[in-house]
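Scroll down for the structure; my scribbles are underneath it.
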There are 2 protein chains.
Amino acid sequence: MRVTIADVAREAGVSKTTVSRVINTKGEVDGSTAARVREVIAQLGYVPSSGAVGLARGSSRTVGMLVPSLTWPWMGEVLQGVVDTVEAADYGLLLFTCNRGAESVERFTSQVSARAFDGLVVVEPENTLDHLTALHRGGLPIVLIDDRGHHPEFPSVVTTNHEGGASAARHLRAAGRTRPLVITGPQDFGCVRDRLAGFVSVLPTDLVVRGDFTEICGRLAVEQLIASGVEFDSVFAHNDITAAGVLRALRAAGRSVPGDIAVVGFDDIPMAEHTEPPLTTVRQPTRQMGETAARMLLSHLGGTAVPDAPLVLPTELVVRHSAP
Amino acid sequence: MRVTIADVAREAGVSKTTVSRVINTKGEVDGSTAARVREVIAQLGYVPSSGAVGLARGSSRTVGMLVPSLTWPWMGEVLQGVVDTVEAADYGLLLFTCNRGAESVERFTSQVSARAFDGLVVVEPENTLDHLTALHRGGLPIVLIDDRGHHPEFPSVVTTNHEGGASAARHLRAAGRTRPLVITGPQDFGCVRDRLAGFVSVLPTDLVVRGDFTEICGRLAVEQLIASGVEFDSVFAHNDITAAGVLRALRAAGRSVPGDIAVVGFDDIPMAEHTEPPLTTVRQPTRQMGETAARMLLSHLGGTAVPDAPLVLPTELVVRHSAP
DNA sequence: CTGAAAGCGCTTACAG
DNA sequence: CTGAAAGCGCTTACAG
């Protein structure tokens, strides 16, 4: 049925060994022999079976990617970055999610043991880090894309959260804002601590409300502060979704943005362009993070030593109307 | 190094055949023998090599997914639906994109020939349909998620675009709107023709502007009509991005929404909740489309006959403030 | 109920 | 420069 290396060998009048050698350009092969083999390959439309190659070579030329969710607003960019890089290197990408708790983790582990892939890119492991560490110790190359301040044993890609927070503060300060409200994300996330520390290092404030990265937390924080008569002239929200809630609450309360209150978010998800007014925000280089992580993993698989410190990619302040 | 079936066999004092039988619960095996084998498997942490199993069985227990882009706003939901379904069936998902033109297509085809996966879910193939048809004729099971009005030889999952357009029109008519503007997507897309036909079957109009699914086209259409003094009391945009542009242009022109003009979009992407005002829109069941397509493919792989007509999933009007 | 052997489609020492 | 043979880790008739 399908064309195998044996068919090519027979047709070309050589051994399978020789065919294998011209496919992989390994070892010396006579020029005219090689040409003949290549011709037969083209003519028969032969493509080596990835399964057989993998079995014989002990590697699958496939990388795995484990993500907590595929519907987070910035996940598409990360994925695209990883896929592009992996495809360009002629690797396949096997995608896994771990949103069904223990069951998914177990299934995933079993794929690891099955050697279905050679290495793994992980995005923000929630409570699987111990597990991943065990797999890594067992020999699985892993690269992490993470902002939660984990300090894993394996290489990771992060972004400049501290500087990102600082850049938001500098921008507000330059606009003459002196009394900012900060609405954070979950405080056990490293990125949240860093964004906050960076911000207050430039623009100290005692108005810090603990949020949880949802729209509702932004809305509630603003409503409550306004209701209790607390004054502020700007808001730094730790992500764009929260900032969207802030904008909505301010509008409902009759405060103008940026006239009365300037608002800065974090992430620069697609929505940020479309809020009213469009949101000034600290852009995370999500696609680049995906590309970088994939590149690190591939070079690791290729034998290059991995960096021992996390690779840090720069954020960038994107100025729109909510804080000109 | 790694634990193989031979290790298990030796440790349990049986043949590899027997181990294979208990793993796959195939053929009769003595109860106590089976128990012993299972014990050894657990104790050694044995997991069959997916590559070897695939080679021996001639199938990979993996499905492929080919998408044009991973960063489209609704792609995350589709992907999640596919991944969840595929994982639940203990299959792996191999992800491919075709955004680098001929090169990606070629790479992808070679993976097909390499038998890297058993079946394929395709989302909106741009100009690869002929190619896919060839692969399908060559024996590759394919399920399409598509709204462009292709009529492929293989099963597909679509949504009720005609009824979706009609539901938007009924909603506007019920609100007393009589002079709607329709801004379409690319007119060679089947979904665009259907949405338009559905809409005008309920609420005829001569105000139809051809758009291209971008924000700018929505903005320009509104600006130009207003500049030329054409009156309208509502807008039906063929996707939410375009509707966002419409909202922005109306606001800039000092028209109130929905007071002066009601606006309805299509898709219900995450952004739709966050526009000003929040967007009334026709929701596409994107996640469900992913789940359904994956389920169809899996049951096809399982030997079930595939339906010959496209499977149609219902849209749903989501009412928010832009058209209450 | 169980096992020896062939086979899946490759790669890779080894020998020439 | 080339090939016969063993091996990668499984499954599956076939025979008992």
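Lettering follows sequence order; numbering is per chain, from 1. Since the structure is predicted, the reported quantities are computational estimates derived from the model, not experimental observations.
- The side-chain contact (heavy atoms from CB on, under 4.5 Å) search around B:Ser20 returns B:Ile5, B:Asn24, not counting sequence neighbours.
- Within residues 29-36 of chain A, the residues approaching DNA chain D are A:Val29, A:Asp30, A:Thr33, by heavy-atom distance under 4.0 Å.
- Following rounding to the nearest Å, A:Asp7 (CG) and C:dC10 (C1') show an atom-to-atom distance of 13 Å.
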What pairs of nitrogen or oxygen atoms, one from the protein and one from nucleotides 11-14 of chain D, lie under 3.5 Å apart?
residue : atom : partner : partner atom : Å
D:dT11  : OP1  : B:Asn24 : ND2          : 3.1
D:dT11  : OP2  : B:Ser20 : OG           : 2.6
D:dT12  : OP2  : B:Lys26 : NZ           : 2.9
D:dT12  : O4   : B:Thr17 : OG1          : 3.3

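- In this view, A:Ala9 and A:Lys16, A:Val19 satisfy the side-chain contact (heavy atoms from CB on, under 4.5 Å) rule, not counting sequence neighbours.
- Among residues two or more places apart in sequence or in another chain, the side-chain contact (heavy atoms from CB on, under 4.5 Å) test is passed with A:Pro307 by A:Met296.
- Residue pairs meeting the ring-ring contact (aromatic ring centres under 6.0 Å, His included) criterion with at least one partner in residues 20-60 of chain B, sequence neighbours excluded, do not occur; the list is empty.
- Between B:Thr18 and C:dG3, a side-chain N or O to OP1/OP2 separation shorter than 4.0 Å is present.
- Residue A:Ser15 places at least one side-chain N or O closer than 4.0 Å to OP1 or OP2 of D:dG3.
- By the ring pair (Phe, Tyr, Trp, His ring centres under 6.0 Å) test, B:His136 pairs with B:Phe154, sequence neighbours left out.
- For the side-chain contact (heavy atoms from CB on, under 4.5 Å) test, no residue two or more places apart in sequence or in another chain qualifies with B:Ala35.
- Within the structure, no pair that satisfies the salt bridge (Lys or Arg N to Asp or Glu O under 4.0 Å) test touches residues 30-52 of chain A, not counting sequence neighbours.
- Every residue two or more places apart in sequence or in another chain was checked for a ring pair (Phe, Tyr, Trp, His ring centres under 6.0 Å) with A:Tyr91, and none qualifies.
- Summarising the geometry, the separation between CZ on B:Arg10 and P on C:dT2 is reported as 19 Å, rounded to the nearest angstrom.
- Among residues at least two apart or in separate chains, salt bridge (Lys or Arg N to Asp or Glu O under 4.0 Å) pairs with a member in residues 70-83 of chain A are A:Glu77-A:Arg287.
- Using cut-offs of 30° and 60° on the angle between ring planes, the pair A:Phe108 and A:Phe96 is perpendicular.
- Counting heavy atoms from C-beta outward, A:Gln80 and B:Thr97 have side chains that approach closer than 4.5 Å.
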Dot-bracket for DNA chain D, 5' to 3', with Watson-Crick and G-U pairs under 3.5 Å, [ ] for crossing pairs and | for other-strand pairs: what is it? |||.||||||||.|||
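- Taking atom CG of B:Leu55 as the reference point, atom C1' of D:dG7 lies 12 Å away to the nearest angstrom.
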